[in-house]
Amino acid sequence: EAQVTQNPRYLITVTGKKLTVTCSQNMNHEYMSWYRQDPGLGLRQIYYSMNVEVTDKGDVPEGYKVSRKEKRNFPLILESPSPNQTSLYFCASSLMARRGGMYEQYFGPGTRLTVT
Amino acid sequence: RKEVEQDPGPFNVPEGATVAFNCTYSNSASQSFFWYRQDCRKEPKLLMSVYSSGNEDGRFTAQLNRASQYISLLIRDSKLSDSATYLCVVNPGLANAGKSTFGDGTTLTVKP
């Protein structure tokens, strides 16, 4: 089954304790992206990756790191989490169109993170 | 001004009604446009891509107006199961190929 998986699904942690949220896709997609969603807001892009070893900042990258060492995995790292990073996080993947557009994004189930 | 703006609603309509949502975008070079549906903070799922000539899928019609920089979604004969949040998504062209900007979403409630 084609899917995007995220782990953990729920996480409660304390300020300053490093954490990693994993994301994996089995569709051989070049493109992967992380988003956060806060109440009343749409999804805001944190980082994205166009291919292995190619990553770039989205609209809200502060406080986050990513890496893309393999095509299927795109972990999100919070080196020193703070309460303002409490949010619902989604990972997504997609094929890239040749002329720079994008096809449908497939989303993981989300990770609810609470930082106290 | 936000890059992508949607009317947040909420839209409360009776079953069988026709409802339309608009989404405006500021980047005239944008290339790809989509409508996603999101239920109760679950993951968004693609409802429709939006093509330049407009496209229809059953009760749903999507249109793109490049001159006025907006996309629209029309839902005919609303069902209870259409109750959800609808998100428009805009992707820029080659200059920023990986960027993806979502609107804040429009909430639709269809009532019996």
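A note on names: the letters A, B, ... follow the listed sequences, proteins ahead of strands, and every chain is numbered from 1.
Side-chain N or O atoms of A:Trp34 include none that pairs as donor or acceptor with a backbone N or O of A:Tyr64 at under 3.5 Å. Between the A:Tyr31 side chain and the B:Gly98 main chain, a donor and an acceptor come within less than 3.5 Å of each other.
For A:Arg44, no part lies under 4.5 angstrom from a heavy atom of chain B. Both the backbone and the side chain of B:Lys99 come within less than 4.5 Å of a heavy atom of chain A. When heavy atoms are compared at a cutoff of 4.5 Å, B:Gln38 approaches chain A solely by way of its side chain, counted from C-beta outward. Residue A:Asn51 does not touch chain B at all, counting heavy-atom pairs closer than 4.5 Å.
Within residues 46-54 of chain B, the residues that have a heavy atom under 4.5 Å from a heavy atom of chain A are B:Leu46, listed by number. Below 4.5 Å, heavy atoms of chain A meet heavy atoms from B:Gly103, B:Asp104, all part of residues 103-110 of chain B.
Ion pairing of A:Glu53 with A:Lys71 is absent here, as no side-chain N (NZ or NE/NH1/NH2) approaches a carboxylate O to less than 4.0 Å. Ion pair A:Lys65/A:Glu79 flagged as a salt bridge, since at least one NZ, NE, NH1 or NH2 atom sits closer than 4.0 Å to an Asp/Glu carboxylate oxygen.
Between B:Phe102 and A:Tyr35, the ring planes lie perpendicular to each other; the angle is over 60°, past the 30° to 60° tilted range. The aromatic rings of B:Phe21 and B:Trp35 are tilted relative to each other, their planes meeting at an angle between 30° and 60°. Aromatic ring pairs are classed by plane angle as parallel below 30°, tilted from 30° to 60° and perpendicular above 60°; the pair B:Tyr25 and B:Phe33 is tilted.
Taking the ring centroids of A:Phe107 and B:Tyr36, they lie under the 6.0 Å cut-off. When ring centroids are compared, A:His29 and A:Tyr106 come within the 6.0 Å threshold.
Open room surrounds NZ on B:Lys45; 12 or fewer heavy atoms of other groups in view lie less than 6.0 Å from it. No more than 12 heavy atoms of other residues, nucleotides or ligands lie within 6.0 Å of CD in B:Gln63, so this atom counts as exposed by the packing criterion.
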Go through the steps to decide whether A:Phe90 and A:Thr111 satisfy the test side-chain contact (heavy atoms from CB on, under 4.5 Å), and finish with yes or no.
CA-CA 7 Å; A:Phe90 289 105; A:Thr111 296; over 6 Å; no
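Of the listed residues A:Asp59, A:Leu88, A:Leu43, A:Asp56, the one with more heavy-atom pairs under 4.5 angstrom with chain B than any other is A:Leu43.
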